[in-house]
Amino acid sequence: MSAVIFDVDGTLVDNNYLHTVAWSRACRELGNDREMAVLHRLIGMGGDQLVPALVGREMPELNAAHERHMANLQPESQPFRGAGELLAAIHARGVQVVVATSAGAATAELLLERVVPDRSVIHSVITNDDVATSKPAPDLVAVALGRVGVHPADAVMVGDTRWDVESAGRAGVRCVGLCSGGWSSCELEAAGAVAVYRDVGELLDRLQSSPIAVLGGA
């Protein structure tokens, strides 16, 4: 058995900059103004990791403010071209499709409904509710592997930030990087990505020559 593990925000859904705006509004609301460029570089971490990295301590009220502002912006989140088709194509190859996201379960379900109406192509969904520590810790990826019974060598992760690449690497999984979240190919490669594509649409177009092509089906 083999698996491809997908991040959601910035990978399947175009919303990293919406998260940046939501964090900016939350910070301003609580008197912790930060430049959007700084905030954007932290997107991809879960709130349990992002907030301490930003303000040096846990701050539950900042997490709550971000969630409130993001809820208002979430309707603007749209799937990237080819996102649903890519998941279906990988499933058709006999490879398990797994989602591992720093979002909560309710948000993940909402977004995935927009990505792929036929949820049978997704074998399992792992969210921030399933782990103690989010990306860049390896917990989400490790739980995903355990959930589907796949060895790290038989899996590939697809993500759009340094935090995805680091999380995968710490779990022993190769990571394919996408520039759709606002990170450059050079940055993703420097973090350890084994290949980088513009977005899921390009990965779909080049699937046969990608690192995913070597994974065996069921």
S.K.: State the CZ-CG distance between Arg68 and Asn63, to the nearest 0.5 angstrom.
M.R.: 12.0 Å
S.K.: One thing to verify: whether Arg170 and Glu166 come together as a salt bridge, which I'm taking to mean a side-chain N less than 4.0 angstrom from a carboxylate O.
M.R.: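 A salt bridge links Glu166 with Arg170.
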S.K.: Tell me whether Asp199 contacts the main-chain N or O of Ser180 through its side chain, where contact means a donor paired with an acceptor under 3.5 Å.
M.R.: no
S.K.: Nearest 0.5 angstrom please: Leu215 CG to Ser210 OG, how far?
M.R.: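 One gets 8.0 Å once the value is rounded to the nearest 0.5 Å.
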S.K.: Would you say CD of Glu109 has more than 12 non-hydrogen atoms from neighbouring residues, nucleotides or ligands within 6.0 angstrom?
M.R.: yes
S.K.: Looking at CD1 of Ile5 and CZ of Arg174, how far apart are the two atoms once the value is rounded to the nearest 0.5 Å?
M.R.: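 Those atoms lie 11.0 Å apart.
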S.K.: What distance separates Asn16 CG from Asp160 CG, expressed to the nearest 0.5 Å?
M.R.: 5.0 Å
S.K.: Donor-acceptor pair, Ser77 side chain versus Leu73 backbone, under 3.5 Å?
M.R.: no
S.K.: Show me, pair by pair, the donor-acceptor contacts under 3.5 angstrom made by side chains of residues 38-48, not counting sequence neighbours?
M.R.:
residue	atom	partner	partner atom	Å
His40	NE2	Gly181	O	2.9
Arg41	NH2	Glu187	OE1	2.9
Arg41	NH2	Glu187	OE2	2.4
Asp48	OD1	Ser134	OG	2.5
Asp48	OD2	Ser134	N	3.2

S.K.: Please identify which of these residues, Leu86, Val97, Val115, Leu87, meets the side chain to side chain contact (heavy atoms under 4.5 Å, CB included) condition with Val121.
M.R.: Leu87
S.K.: Quick one: closest heavy-atom pair of Pro136 and Gln49, and the distance?
M.R.: CD-OE1, 3.8 Å
S.K.: When rounded to the nearest 0.5 angstrom, what is the spacing between CG in Leu110 and CG in Leu112?
M.R.: 9.0 Å
S.K.: Could you pull out all donor-acceptor pairs under 3.5 Å where a side-chain atom in residues 139-154 meets a protein atom, sequence neighbours excluded?
M.R.:
residue	atom	partner	partner atom	Å
Arg147	NH1	Ser124	OG	3.4
His151	ND1	Ala153	N	3.0

S.K.: Can you check whether Arg206's main-chain N or O pairs, donor with acceptor, with Ser209's side chain at less than 3.5 Å?
M.R.: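 Side chain of Ser209 to backbone of Arg206: a pair is present.
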S.K.: Considering non-hydrogen atoms only, spot the tightest contact between Leu188 and Leu178 and give its length.
M.R.: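 For Leu188 versus Leu178, the nearest heavy atoms are CD1-O, 3.4 Å.
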S.K.: Nearest 0.5 Å, what's the CD-CG distance between Gln78 and Leu111?
M.R.: 10.0 Å
S.K.: Please answer whether the main-chain N or O of Thr127 pairs with a side-chain N or O of Asp129 as donor and acceptor at a distance below 3.5 Å.
M.R.: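 It does not hold such a pair.
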S.K.: What pair of heavy atoms forms the shortest contact from Tyr17 to Gly182, and how long is it?
M.R.: OH-CA, 3.4 Å
S.K.: Could you report the tightest heavy-atom contact between Met157 and Val173, atom names first, then the distance?
M.R.: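 Reported closest heavy-atom pair: N-CG1, 3.7 Å.
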S.K.: Is any side-chain heavy atom of Lys135 less than 4.5 Å from a side-chain heavy atom of Thr161?
M.R.: no
S.K.: Do Ile212 and Ile90 make a side-chain contact, defined as non-hydrogen atoms from C-beta onward lying under 4.5 Å apart?
M.R.: yes
S.K.: If you take all heavy atoms of Cys179 and Val196, which pair is closest and at what distance?
M.R.: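 Scanning both residues completely, I find the closest heavy atoms to be SG-CG1, 3.6 Å.
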S.K.: Do the non-hydrogen side-chain atoms of Asp7 and Leu12 ever get within less than 4.5 Å of each other?
M.R.: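 No, too far: nothing below the 4.5 Å cut-off.
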S.K.: State, to 0.1 Å, how close Arg119 and Val125 come at their nearest heavy-atom pair, and which atoms those are.
M.R.: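 For Arg119 and Val125, the tightest heavy-atom pair comes out as NH2-CG2, 3.5 Å.
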S.K.: Are Arg198 and Asp205 ion-paired here, with the side-chain N under 4.0 Å from a carboxylate O?
M.R.: no
S.K.: Taking only residues two or more places apart in sequence, or in another chain, which ones meet His66 in a ring-ring contact (aromatic ring centres under 6.0 Å, His included)?
M.R.: His19, Trp23
S.K.: Is it true that a side-chain atom of Ser167 and a backbone atom of Ala137 form a donor plus acceptor pair closer than 3.5 Å?
M.R.: yes
S.K.: With a 4.5 Å limit on heavy-atom distance, are the side chains of Leu54 and Met59 in contact?
M.R.: no
